Amino acid sequence: MRLIIRDNAESASSYVADYIVNRIISFSPTQDRPFVLGLPTGSSPLNVYKSLVEKYKAGLVSFEHVITFNMDEYISLPPTHPQSYHAYMHKNFFSQINISPHNINLFNGLAPDLAAECSRYESKIAAAGGIDLFLAGLGEDGHLAFNEPGSSLASRTRVVTLAEDTILANSRFFDGDTNQVPRKALTVGVKTVMDAKEVLMIALGARKARALQKCVEEGVSCMWTGSALQMHERAIVICDEEAAGELRWKTVKYFKSIEDHELDHDYGVDQSIPAGNSLGASQTNLKTSAGPLTPESTPKATATHASSSPISPLVETAPILMKTIVDPPQSSVYTALEKEILAQPVPKSHGLLGLLGASTYPPPIKSSTHNSRGRSQSDGHASDGDSEAESEDIDLQPDRMASRLSDPAFAAEALRRLTPNPEERRR
Ligand SMILES: O=P(O)(O)OC[C@H]1O[C@](O)(CO)[C@@H](O)[C@@H]1O
């Protein structure tokens with residue numbers, strides 16, 4: 001699974017739209033070989049649809065040979081109801097692009113035989129050759145489509161009862177009245193989504209932070225069905241900084257580091273996936289091969305990192321103990337490259353570091369140490385009681401991941417923190 005973090009909802013949405021357009025273009029769909037796209041509703045994909053419509057109107061993409069399958073629909077709402085997913089999709093997307101009505105697939109929430117409607121849907125997906133790319137949102141309770149906590153990870157298309165959390169969250173679309181929100185829905189199953197050749201999941205805003213943390217950093221669980229994507233060979237989660245707010249620093253740092261183009265070049269491994277706001281830029285980076293996206297599942301990447309890097313990006317140990325650096329950038333603790341990075345101006349608040357409170361995160365520690373580069377340190381800051389930090393000499397050094405971060409300001413922020421030298425501590 002890859003995690004793409006963007007500064008805000010707009011750039012995250014733009015990334016997703018670029019990605020979808022690139023996939024359609026590189027697939028070169030025809031009538032006999034259409035591109036099959038799975039789609040969500042809700043607030044998260046709104047800007048994605050807006051951007052896709054703009055790209056269509058600019059002549060950058062055609063949906064003529066694209067077949068769509070929506071992931072869910074309320075039971076009992078007529079398609080004409082403004083909050084039905086039928087109405088949502090036509091208003092925000094289908095009515096503004098050149099998709100054939102025959103290629104649009106939505107659940108019939110009024111079907112007299114709902115079980116038959118579910119079988120029909122699964123059969124139609126299969127008849128279309130399966131879903132090439134499934135775009136999904138993430139519920140506040142971690143749901144993937146309407147697969148609420150407790151849904152089997154092997155579930156397929158079926159009738160579900162919405163969880164109270166979802167009813168509450170979605171009541172914002174029903175004048176804030178939970179009584180108006182349908183209690184039941186039709187949804188593709190977790191396994192239906194997992195069967196797609198590729199899955200993108202977009203999570204925006206602080207409301208999604210807890211669910212995103214559970215789905216990305218904790219175990220695969222039916223209680224957070226979005227976590228199933230950890231088991232997908234080609235899954236990308238795209239979020240904004242607010243949604244990333246509950247992630248660990250080392251998680252953020254690791255996934256940001258993968259995006260460093262220099263890293264890709266250094267190791268001769270293309271880890272890049274479409275990025276950037278312009279279609280041109282995305283096309284340059286487009287990875288069209290069917291291989292896995294993750295470095296973990298790319299033997300060559302793993303082996304090369306391990307053999308030629310002083311520190312494997314795959315073994316990014318958490319910077320458990322850190323200390324805000326007090327030395328001037330010209331201090332001898334820095335390498336030439338680090339000094340170059342530090343020479344760059346650093347904005348007061350930059351991206352996630354700003355969000356996390358760069359000057360206070362992680363909390364300063366109390367230490368009086370002497371490091372292997374011959375520099376005594378004593379900062380006098382109080383710690384919250386990390387006895388190890390206080391009782392032993394710690395070799396602190398600039399964060400070694402810093403020089404791998406492509407964004408100079410981000411790298412400089414990282415460099416300004418000292419982290420323990422793991423080799424030194426093992427002696
Ligand atoms: O984007 P929202 O409105 O927070 O909803 C989250 C997700 O829940 C659903 O409404 C239910 O599947 C999705 O369509 C959506 O992506």
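Whatever order the structure lists ligands and atoms in, that order sets their numbers, starting from 1. No experiment lies behind these values; they were computed from the predicted model shown.
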Looking only at heavy atoms, which two atoms of A128 and F69 are closest? And how far apart?
->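 Smallest heavy-atom distance, with atoms named: CB-CE1, 4.0 Å.
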Could you tell me which non-hydrogen atom of L186 sits nearest to which non-hydrogen atom of N108, and how far apart they are?
->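 Minimum heavy-atom separation between L186 and N108: CD1-O, 3.6 Å.
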For [atom], grab the closest protein heavy atom and report residue, atom and distance to one decimal in Å.
atom                    : result
atom 1 (O) of ligand 1  : S44 OG, 2.4 Å
atom 6 (C) of ligand 1  : L138 O, 3.5 Å
atom 12 (O) of ligand 1 : D72 OD2, 2.3 Å
atom 10 (O) of ligand 1 : Y85 OH, 3.3 Å

Can you measure from SG (C239) to CD1 (I5) and round to the nearest 0.5 angstrom?
->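 Atom-to-atom, C239:SG and I5:CD1 are 5.0 Å apart.
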If you round to the nearest 0.5 Å, how far is CG of N105 from CE of M89?
->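 So the CE of M89 and the CG of N105 are separated by 11.5 Å.
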Does ligand 1 have any atom that is closer than 4.0 Å to a heavy atom of T166?
-> no
Cation-pi check, R156 onto Y121 ring (under 6.0 Å, within 45° of axis) | no
Where ligand 1 meets [X] - atom numbers and elements under 4.0 angstrom, heavy-atom basis:
X    : value
R207 : 4 (O)
G137 : 16 (O)
A145 : 11 (C), 12 (O)

F63 and ring-ring contact (aromatic ring centres under 6.0 Å, His included): which partner among F93, F35, Y49?
->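 Checked F93, F35, Y49 against F63; only one passes ring-ring contact (aromatic ring centres under 6.0 Å, His included): F93.
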Indicate yes or no: does an N/O atom of K208 lie under 3.5 Å from an N/O atom of ligand 1?
->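 Yes - when backbone and side-chain N and O of K208 are compared with those of ligand 1, one distance drops under 3.5 Å.
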Do any nitrogen or oxygen atoms of F173 lie less than 3.5 angstrom from nitrogen or oxygen atoms of ligand 1?
-> no
Going by the 4.0 angstrom heavy-atom rule, the piece of R172 near ligand 1 is side chain
Looking only at heavy atoms, is any part of H143 under 4.0 Å from ligand 1, and if so is it the side chain, the backbone, or both, or is it neither?
-> side chain
Does a donor on one side chain sit under 3.5 Å from an acceptor on the other, for K191 and S155?
-> no
Could you check which of A211, G42, A185 puts a non-hydrogen atom nearest to atom 5 (O) of ligand 1?
->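 Nearest heavy atom to atom 5 (O) of ligand 1 lies in G42.
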Which residue from T41, V188, L39 reaches closest to atom 14 (O) of ligand 1 through any of its heavy atoms?
-> T41
Quick one: side-chain hydrogen bond (donor to acceptor under 3.5 Å, both in side chains) pairs with a partner in residues 85-95, sequence neighbours left out?
->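 Output for this query lists E73-H86, Y74-Y85.
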Output yes when E54 and K57 qualify as a salt bridge under the 4.0 Å nitrogen-oxygen rule, no when they do not.
->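 No, this pair does not count.
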